[in-house]
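As structure tokens, the structure follows; a few thoughts come after it.
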Amino acid sequence: MTTFESSEGATTASPTSGARLIAVANQKGGVGKTTTAVNLGAAAAELGHRVLIIDLDPQGNASTGLGINPRTLQSSMYDVLLHDVPMDDAIEAAAIRNLFLAPANLDLAGAEIELVPAFSREMRLKNAVAKVRDDYDMILIDCPPSLGLLTVNAFAAATEVLVPIQCEYYALEGLGQLLRNVDLVQRNLNAELHLSHIVLVMFDARTNLASQVATEVREHFGELVCQTVIPRTVRLSEAPSFGQPITVFDTASRGALSYRDLAREVAGEPPTRD
């Protein structure tokens with residue numbers, strides 16, 4: 001398995017006020033990033049927290065995963081970032097109480113190029129979020145699987161970075177570069193940014209590899225790794241096609257219970273089950 005030195009600067013926490021701003025990021029695709037953003041947000045909303053999920057991935061999977069049709073949007077995150085549309089005008093209420101979404105569609109795919117000549121290009125999201133931050137307890141930013149300008153915007157706006165890591169071979173590949181980027185943003189754009197949580201996802205208890213990966217990640221990152229582990233389940237993979245988070249799609253499933261536990265852990269609340 002891949003080993004590397006973690007970035008010291010990426011783990012330095014800073015106090016902040018207002019809504020917690022958490023970028024959910026991993027430059028690898030298919031690692032459960034959007035699944036974690038959607039289901040962590042839904043579970044936190046279920047606990048009574050007012051949650052906004054910002055879909056910053058041009059694929060728009062967080063949007064469709066919450067039942068939003070990207071083809072019918074009047075305003076999206078593309079308009080917020082490129083045309084100075086107020087964030088409030090793009091936000092949609094999800095079907096779950098306390099849960100809201102700033103959706104994305106394929107228009108966002110061109111944003112990486114269009115942002116290059118834009119004034120204050122790295123701070124577009126931060127400036128937009130500042131106007132709605134006091135309306136929420138938690139804001140989750142679902143980042144694209146890359147380290148381009150959209151992810152830099154997310155890091156410039158956020159105070160925390162949560163990284164889902166799949167319990168499979170090459171799980172740590174590329175994570176060193178992600179942490180270096182967090183460190184660069186922290187030193188140059190956003191002194192508050194820090195790595196706050198690493199979440200082990202897609203855990204298959206039937207394999208030795210999953211346990212080995214979990215052990216290696218915990219050895220590298222210690223207390224930054226959440227105690228809650230998200231299992232690999234068919235129901236979790238089915239839920240997005242129905243436009244529902246797992247907490248609604250199969251409320252008593254292992255995936256739903258695990259994301260509720262994760263929400264309590266991230267929110268600093270005591271667990272309710274062993």
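Please read these numbers as outputs of a predicted model, since none were measured by experiment. When a residue number appears, it is its place in the shown sequence, counting from 1.
No path of Ile, Leu, Val, Met, Phe, Trp and Tyr side chains, each step under 4.5 Å between heavy atoms, connects Val24 with Ile91, placing them in separate hydrophobic clusters. Under the 4.5 Å side-chain heavy-atom criterion for Ile, Leu, Val, Met, Phe, Trp and Tyr, Ile22 and Val38 are members of the same hydrophobic cluster. Following chains of ILVMFWY side-chain contacts shorter than 4.5 Å, one cannot reach Phe203 starting from Val201, and the two form parts of different hydrophobic clusters. Linking ILVMFWY residues whenever their side-chain heavy atoms come closer than 4.5 Å, directly or via other members, places Leu150 and Met77 in the same cluster.
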Where do Asp89 and Ser75 land on the side chain to side chain donor-acceptor pair (under 3.5 Å) test, with the steps shown first?
-> CA-CA 7 Å; Asp89 290 355; Ser75 298; 6.0 Å; no
Where do Glu223 and His197 land on the side chain to side chain donor-acceptor pair (under 3.5 Å) test, with the steps shown first?
-> CA-CA 9 Å; Glu223 293 183 358; His197 299 89; over 6 Å; no
Show your working on ring pair (Phe, Tyr, Trp, His ring centres under 6.0 Å) between Tyr78 and His83 and close with a plain yes or no.
-> CA-CA 8 Å; Tyr78 172 83; His83 300 306; 5.4 Å; yes
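Using a 4.0 Å cut-off between a side-chain N of Lys or Arg and a carboxylate O of Asp or Glu, Arg180 and Asp183 do not qualify as a salt bridge. Using a cut-off of 4.0 Å between Lys/Arg side-chain N and Asp/Glu carboxylate O, Asp137 and Arg50 are scored as not salt-bridged.
In this structure, Asn153 contributes its side chain and Arg124 its backbone to a donor-acceptor pair below 3.5 Å. Side chain of Thr64 to main chain of Asn61: a donor-acceptor pair is present (N/O by atom type, distance under 3.5 Å, no hydrogens or angles). Distance alone, capped at 3.5 Å, places no donor-acceptor pair between the Arg264 side chain and the Glu269 backbone. No donor-acceptor pair under 3.5 Å is formed between the side chain of Thr34 and the backbone N or O of Ala62.
Residue Tyr259 is tested with Thr228, Thr36, Asn39 for a side-chain hydrogen bond (donor to acceptor under 3.5 Å, both in side chains); the sole match is Thr36.
Between Met202 and Val31 the shortest heavy-atom distance is CE-C, 3.5 Å. Across every non-hydrogen atom of Ala156 and Lys126, the tightest pair is O-CD, 3.5 Å. In plain terms, the two heavy atoms of Lys33 and Pro164 that are nearest each other are CA-CG, 3.8 Å. Residue Asp57 comes nearest to Ala104 through the heavy atom pair O-CB, 3.5 Å, listed as atom of the first residue, atom of the second, then distance.
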